[in-house]
Protein chains: 2
Amino acid sequence: MMEARPYANVIEVIRAARLRPTRQRLALARLLFESGDRHVTAEQLHNEALTAQVPVSLATVYNALHQFVAAGLLREVVVNPGRSYFDTNVSDHHHFFHEDDGQLTDIAGDRIEVKDLPKPPPGTAVRRVDVIIRVAQKDKQ
Amino acid sequence: MMEARPYANVIEVIRAARLRPTRQRLALARLLFESGDRHVTAEQLHNEALTAQVPVSLATVYNALHQFVAAGLLREVVVNPGRSYFDTNVSDHHHFFHEDDGQLTDIAGDRIEVKDLPKPPPGTAVRRVDVIIRVAQKDKQ
DNA sequence: GTGATTGCAAATCTTTTGCACTAAA
DNA sequence: TTTAGTGCAAAAGATTTGCAATCAC
């Protein structure tokens, strides 16, 4: 399991992504990948790093997040205009989006079946199918 | 049909939304609703208005778009972090998102069936289900 | 060493806001 | 005349960029 040799594992993960295991990337990877599935914004992760006594600049957090996405270690979830969420669960799955507090919750991929997926337009291929179930408190409005 | 008395119709639509039919709102509503289903950004609509010799400020475009959304005349579609699209089709349907050029295309609601929709978390109700099929050119990457 | 990475501050981009002016009812 | 709506310029919030200093190999 990852818990057994967490430090070593994170180094391997970063090396596999063809990135240098710098202090900053290691710390961010540990925060992201060593506590189960997470959905974080750049600013949240930045704050966590500072709290954990790891000085990192926000620009470096953005760099790392995008590099991790490019390497397939993270997935960017778009639910809110003007703010990106990064999801450590890169397997096929979907999301509840809680409009009241901006929280994301995973829905296992096999819990939703999309039937009759239309053919993509000629010349194009499907990159991903995102299903977002927007929920809010029952009594609201 | 809407084509028969376009001007009068747009006035009625705006009045029904409990908004005053100002020159700006009328012009924006005509651009939006008198040429079939559309997906526009605030800036696009602003440019169209200026091109059509209708001086409007960008702030007013944003105001109008949000008021139209609140009135149920438009739907906001979130596919891109940092930019909102507004969809004149407010019926139940989904979208292709063309990652190459940022275009949105409608998918009729009955072309996709979401099976086994999970129960929303306790105390919450489903507001909307968004299905976004992200497509890109086949040869890309 | 040398090429990648970082941090900072400035820049960019979209959207929102405050407020005096104008227009609709 | 009363209240809503508009335009402008400034502000806000998220993200990106340029570049000198620093670090990994």
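Chain letters run A, B, ... following the sequence lines, proteins first and then strands; every chain starts at 1. Worth knowing before you read on, the calculation uses all heavy atoms, side chains too, and leaves out hydrogens, waters and symmetry mates.
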Can you check whether Ser57(B) has a side-chain N or O nearer than 4.0 Å to OP1 or OP2 of dG7(D)?
-> yes

Look at Arg75(B) together with Asp130(B) and state whether they make a salt bridge at an N to O cut-off of under 4.0 Å.
-> yes

Is Arg15(B) touching bases, backbone alone, or none of the nucleic acid, heavy atoms closer than 4.0 Å?
-> sugar-phosphate

Value rounded to 0.5 Å, distance of OG1 in Thr88(A) from CZ in Phe68(A) | 12.0 Å

Whole angstrom is fine here: how far is it from CG in Leu58(B) over to C1' in dA10(D)?
-> 14 Å

Tyr62(A) vs dT15(D): side-chain N/O to OP1/OP2 distance below 4.0 Å = yes

Is Pro81(B) touching bases, backbone alone, or none of the nucleic acid, heavy atoms closer than 4.0 Å?
-> nothing

Kindly say if Arg25(A) contacts the phosphate of dA24(D), meaning a side-chain N or O under 4.0 Å from OP1 or OP2.
-> no

What orientation do Tyr62(A) and His66(A) show, parallel under 30°, tilted 30 to 60°, or perpendicular over 60°?
-> tilted

Protein and nucleotides 18-23 of chain D: nitrogen or oxygen contacts under 3.5 angstrom:
none

Does the side chain of Ser84(B) get closer than 4.0 angstrom to OP1 or OP2 of dT15(C) through an N or O atom?
-> yes

pair Phe96(A)-Val79(A): side-chain heavy atoms closer than 4.5 Å = no

Roughly how many Å is it from CD1 in Ile14(A) to P in dT5(C), rounded to a whole number?
-> 11 Å

side-chain hydrogen bond (donor to acceptor under 3.5 Å, both in side chains) with Asp106(B): of Arg111(B), His39(B), His94(B), only one passes, and it is His39(B)

Separation of dC25(D) atom P from Ile11(A) atom CD1, nearest Å, is 9 Å

Heavy-atom pair of closest approach, residues Leu50(B) and Pro55(B) | CD2-CA, 4.1 Å

Length of the line joining Glu76(B):CD and dT14(C):P, which is rounded to integer Å = 15 Å

Identified side-chain contact (heavy atoms from CB on, under 4.5 Å) partner of Phe97(A) from the options Thr105(A), Leu104(A), Val77(A) | Leu104(A)

Which part of the nucleic acid does His66(B) contact within heavy-atom distance under 4.0 Å: base, sugar-phosphate only, or nothing?
-> sugar-phosphate

Looking for any heavy atom pair under 4.0 Å, which part of the strands does Thr41(A) touch: base, sugar-phosphate only, or nothing?
-> nothing

For Gln24(B) and dC8(D), give me the distance from atom CD to atom C1', rounded to whole Å.
-> 14 Å

Rounded to the Å, how far apart are Arg18(B) CZ and dT3(D) P?
-> 16 Å

When rounded to whole Å, the CD to C1' distance for the pair Gln44(A) and dT15(D) reads 16 Å

Rounded interatomic separation in angstrom, taking NE2 from His46(B) and P from dT6(D) = 13 Å

Closest-nucleotide 5' rank along DNA chain C - winner of Arg83(B) and Pro55(A) | Pro55(A)

